[in-house]
J.: 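Got a structure for you, questions after.
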Amino acid sequence: MATPTPLPRRRFLLAGGATAAGLVLASPGAGAAAPAALSPEALLYHRLLLRHTRWVETQWDADAGRYPLADFRFVSVLGNAVLLTHGTYDADLAGVDRDTLADHTVRTIRHFAATNFWATGASWGGGGYEWGGRVFWDGTFESYFTAAARLLWDELDDATRGHVDAIAVRGAQYVAGLGAGEDPRSGGWSSNGLAGGHRGDSKIEEMGAKSMPLATGLAYHPDHPDAGAWREWLTRWLSNMTGLPSADRENGTLIDGRPVSEWNTAQNMYEDHVVENHGTYAPMYQQSTGAYPGRNALHFLIAGAPLPEVLAKQPNADGLWHTMTHLGTAAGLSAHPMVNDRYHLYGRDVLPLTWRRMGQADPYTARSEVLLAAHLEPYLAYPPENRLTKFSGEPKYEPEARAEVATAYLLHAWRDRLHGDVRPVSEARYWASVAGATDYGAEVGLVAHQSARALAMAVSKAGHVKFAFLPEHDDWLFDVTGAAPAFLPGTALAVTGRRVARYTRAGDGFDGSATVLRFEAGAAGFATLPTGAVVYTTSGLGADEGRLRLHTLAMPGVRGLDGDRTFHGPGGSVTLAPDGGDGGVDEVRFPAVAARHIRILGVRPATQYGYSLWHVEAYATGTDPGSDPGTDLARGRPVTASSADPAYPPPHATDGDPATRWAVSRAERPRADSWLAVDLGAEHRVDRVRLGWEAAYGAEYRVQVSADGTEWRDAAAVPAAHAFAGNWLNVDDRAGFVVRGGGAPIRVTATSVTLAPGPAAPLTAVAYPAQRAPRTRALAAVPPPTTDTPGVTAALADGYLAVFNLTDAAVRARVRTPDRTVTVDLPAAGAAVLPPGS
């Protein structure tokens, strides 16, 4: 197919946002510059789309003549359409010539326009269509698809245009016809009518989904007889997305001539502007505040139509975005302390930031977008290359991310050319705007303190219990996601009591927090200081206290991700790179050892799914009598395990079939020390094993050997560990730790730090952000505070004194430091922070 004729000049300008004064969303304000060329972020998104096209073209089905239906991969056409109508096409970056991409795009649009539910006139429960018709989540992908078709409208035949119009009109009619009711085609997905919901499962996303067919219909068919109803319900759903009755009842802001108090009935967030989903704080869903308005705005911009007022006046959006930045990281995104997946999905995170920056002229979110943008090209280059979503999430996120990056580009093109870029505030001003400590309450289970140098969080939500520390706001140093047991020995600890003291600059002269959590086995405390330092203390909860996971990737372009970590401690330093424990196939070599039995013993699973192995192989040295060093001694041998899923029994690990595997039972997935053992049938001089891990892999594990299958000894620990016999540790000159108590050397691997790996013992540790090793060593030499009361611990950091009562009774304790003695009254299982000079 020949290269399509370029879009007519008028349509190009509309798509680029260079005309139609009605497109003004909000006054540019002080953060906006004079009209200028495209911003660096817009140019970056165009490059990302070009490079991502290499992945898109791997999806092309030459026999079918289209991109596939599975996982909505066909909506990659929106990114294609942007590349075909905007900017300079670079075939070398894209890996495909422009004519071929145009051909693939138009053929895919033609096919899926004709096979959509609304276009075919199909009835519910009948056949004759391939996709579409459900509000959840077909409406989202119909929106992306329709935008692609509209960008390439002049290249489509009349029949395809008719089908695209049917998708827009009939989808809008259907959603408006439902009123506040639910879509019976969408199964259990529901917005809970117009009441919404905030406990456990916010309905922000569900209400946003209902807005999308309405926006699509209204943008392209504003003169339709039903357009008035479409506008009414579009405004109602987008306004109620961010509903909070305590604020909305008195909100007189006019949207379409009526105050918010008349529009809103829903509550979709907690009073502190925090959103839960799947039972925990989930920032991806809070970001929906920007994602859905951005998706909807795109259609009005393409159509050259004025944007609905609600897009710029969404109630409570400011509070929601403040929370995300208050919990924000150096990547411009919120931390994920309670989420086991849906994090580091950078392609899905672009659009919400772009909309807030461009659609609402917010210079603070502009800084967020700039921070994220700095990570995007290194991220795209990291294996698997040319992907916009990695590390977690669902397959459909990949084509969706492409659509959203394309949308972000077009929003920039509109704003940059019409009003000029929205300039970001400085990083110093950005962090200062959200500095302070917040207790989001026991129900949410989160205390957060953002400072100029670090983010720290105390999480008491069941299943995610931890004390998280992100020096320099960097979520690529320590892993604090849902499954990572930061400082505490495990996230499954059951909290039996919670007490929080919060300090504010206005009321106390400084920002900080002191949290004590009670457990069946004892208590633990966590104090956050305005300098970014944190204090952790426990009465002794078990082995592996003070554990932090490290990201040790080779992602050039992202600070610290050079493939290893350097640790300084008493006696010198060591640099470690991952030698297993990162999934895939691990070949573990060790000095030859006599063994009849081999066991793989888990220490830490990488995911919430426990452990699963495709194969376990064992090999002997060339000096082992009667053994060929190339022979797998485990093949076909008997296997036992601590548990097994009935569908994945232990023998599958040694049967030689690459399609079968062993997995722990579902009930045992949370268990860290699950194991699988193989009887080799006779003693051999074994010197290596090869393990093929499924996605549920061991981030840390041990290879053990035995003569009788009863008494085991370690042959290898993965990854390799190093011990520092002393009371301090520095990690990459990014974080320093001073440890008192714990009773064991500090243990490190390339991917973990354990401050107290031994038996349960009282422990107190201070962690400092952005600190070089000599400074950490000097602080460790300073005598620590002492107390005269059993169960009371104290630590001095940057002049602030943190005192913890880990007992069940109120106490009056005397604390001595090198330069003062103070008396502190503490409630049972409570703590306090005293500023310098107090």
Side-chain angles (χ1 to χ4, degrees), residues 340-341 392 462-463 482-485 489-494 542-544 580-588 590 595-619 631-684 686 688-719:
N340 285 328
D341 60 0
S392 62
T491 57
L493 291 170
D544 290 349
D582 53 356
V585 176
D586 286 351
E587 182 156 323
V588 185
F590 43 85
R596 171 171 173 164
H597 301 265
I598 297 285
R599 182 167 77 167
I600 311 304
L601 174 66
V603 174
R604 176 169 62 88
T607 72
Q608 69 268 40
Y609 301 109
Y611 304 97
S612 181
L613 282 158
W614 292 105
H615 60 84
V616 174
E617 302 171 8
Y619 297 91
T631 299
D632 173 14
L633 302 172
R635 176 71 62 87
R637 301 303 307 169
V639 189
T640 55
S642 55
S643 71
D645 186 306
Y648 309 107
H652 281 180
T654 61
D655 63 5
D657 186 342
T660 62
R661 61 185 171 93
W662 161 76
V664 298
S665 69
R666 291 175 180 267
E668 291 288 285
R669 284 176 173 175
R671 178 177 170 179
D673 63 345
S674 295
W675 54 266
L676 181 91
V678 183
D679 182 353
L680 303 180
E683 185 176 276
H684 296 274
V686 179
R688 67 192 188 282
V689 298
R690 185 179 295 125
L691 310 176
W693 292 100
E694 198 255 348
Y697 65 90
E700 289 187 54
Y701 59 90
R702 294 172 185 160
V703 179
Q704 297 184 312
V705 296
S706 173
D708 56 9
T710 301
E711 298 293 329
W712 298 92
R713 65 188 188 278
D714 290 351
V718 179

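Side chains are part of it too, since the values below use all heavy atoms of this structure and drop only hydrogens, waters and symmetry mates.
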J.: Within the 4.5 Å heavy-atom criterion, are His652 and Asp657 side-chain neighbours or not?
T.: no
J.: If every non-hydrogen atom of Gly610 is compared with every non-hydrogen atom of Ala696, which pair is closest and at what distance?
T.: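 Closest pair (atom of Gly610, atom of Ala696, distance): O-CB, 3.5 Å.
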J.: Assess the residue pair Val686 and Val705 against the criterion (side-chain contact (heavy atoms from CB on, under 4.5 Å)); give the C-alpha distance rounded to whole Å, side-chain angles, the decisive distance to 0.1 Å, and a yes or no.
T.: CA-CA 9 Å; Val686 179; Val705 296; 5.6 Å; no
J.: With sequence neighbours left out, what residues match Arg713 under salt bridge (charged side-chain N to carboxylate O under 4.0 Å, His left out)?
T.: none
J.: Quick one: side chains of residues 596-607, donor-acceptor pairs under 3.5 Å with protein atoms, not counting sequence neighbours, listed by atom name and distance.
T.:
unit_1: Arg596; atom_1: NE; unit_2: Asp679; atom_2: OD1; d: 2.8
unit_1: Arg596; atom_1: NH2; unit_2: Asp679; atom_2: OD2; d: 3.2
unit_1: Arg599; atom_1: NE; unit_2: Gln704; atom_2: OE1; d: 2.9
unit_1: Arg599; atom_1: NH2; unit_2: Gln704; atom_2: OE1; d: 2.7
unit_1: Arg604; atom_1: NE; unit_2: Glu700; atom_2: OE2; d: 3.2
unit_1: Arg604; atom_1: NH2; unit_2: Glu700; atom_2: OE2; d: 3.4
unit_1: Thr607; atom_1: OG1; unit_2: Tyr609; atom_2: N; d: 3.1

J.: Over all heavy atoms of both residues, which pair between Pro719 and Ala699 is shortest? Give the atoms and the distance, please.
T.: CD-O, 3.4 Å
J.: CZ of Arg702 to CG of Asp714: how many Å apart, nearest 0.5 Å?
T.: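 Output value for this atom pair is 5.0 Å.
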J.: Quick one: are Leu613 and Trp693 in side-chain contact, heavy atoms under 4.5 Å?
T.: yes
J.: Which heavy atom of His615 sits nearest to which heavy atom of Val585, and what is that distance?
T.: NE2-CG2, 4.5 Å
J.: Restricting to non-hydrogen atoms, name the atom on Glu617 and the atom on Ala634 that form the minimum distance, rounded to 0.1 Å.
T.: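 For Glu617 and Ala634, the tightest heavy-atom pair comes out as CA-CB, 4.2 Å.
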J.: Do Arg661 and Ser612 have side-chain atoms, one donor and one acceptor, less than 3.5 Å apart?
T.: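 The answer is yes; a qualifying pair exists.
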J.: Is there a side-chain contact between Trp662 and Val664 (heavy atoms, below 4.5 Å)?
T.: yes
J.: Kindly indicate whether the side chain of Val689, heavy atoms from C-beta on, has any atom under 4.5 Å from the side chain of Val616.
T.: no
J.: Is the closest side-chain heavy-atom distance between Asp632 and Tyr619 below 4.5 Å?
T.: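 Yes, close enough: below the 4.5 Å cut-off.
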J.: Please answer whether the main-chain N or O of Pro485 pairs with a side-chain N or O of Thr491 as donor and acceptor at a distance below 3.5 Å.
T.: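 No, Thr491 side chain to Pro485 backbone: no donor-acceptor pair under 3.5 Å.
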J.: Hey, is the main chain of Leu633 close enough, under 3.5 Å, to the side chain of Thr631 for a donor-acceptor pair?
T.: no
J.: Let me see the working for Asp586 and Tyr697 under side chain to side chain donor-acceptor pair (under 3.5 Å), right down to the final yes or no.
T.: CA-CA 10 Å; Asp586 286 351; Tyr697 65 90; over 6 Å; no
J.: Could you measure the distance from the CD atom of Glu668 to the OG atom of Ser642? Nearest 0.5 Å is fine.
T.: 6.5 Å
J.: Is the shortest side-chain heavy-atom distance between Leu676 and Pro650 below 4.5 Å?
T.: yes
J.: Do the non-hydrogen side-chain atoms of Trp675 and Thr640 ever get within less than 4.5 Å of each other?
T.: yes
J.: Any idea which heavy atoms bring Ser665 and Ser643 closest together, and the distance?
T.: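 Residues Ser665 and Ser643, closest heavy atoms: N-OG, 3.2 Å.
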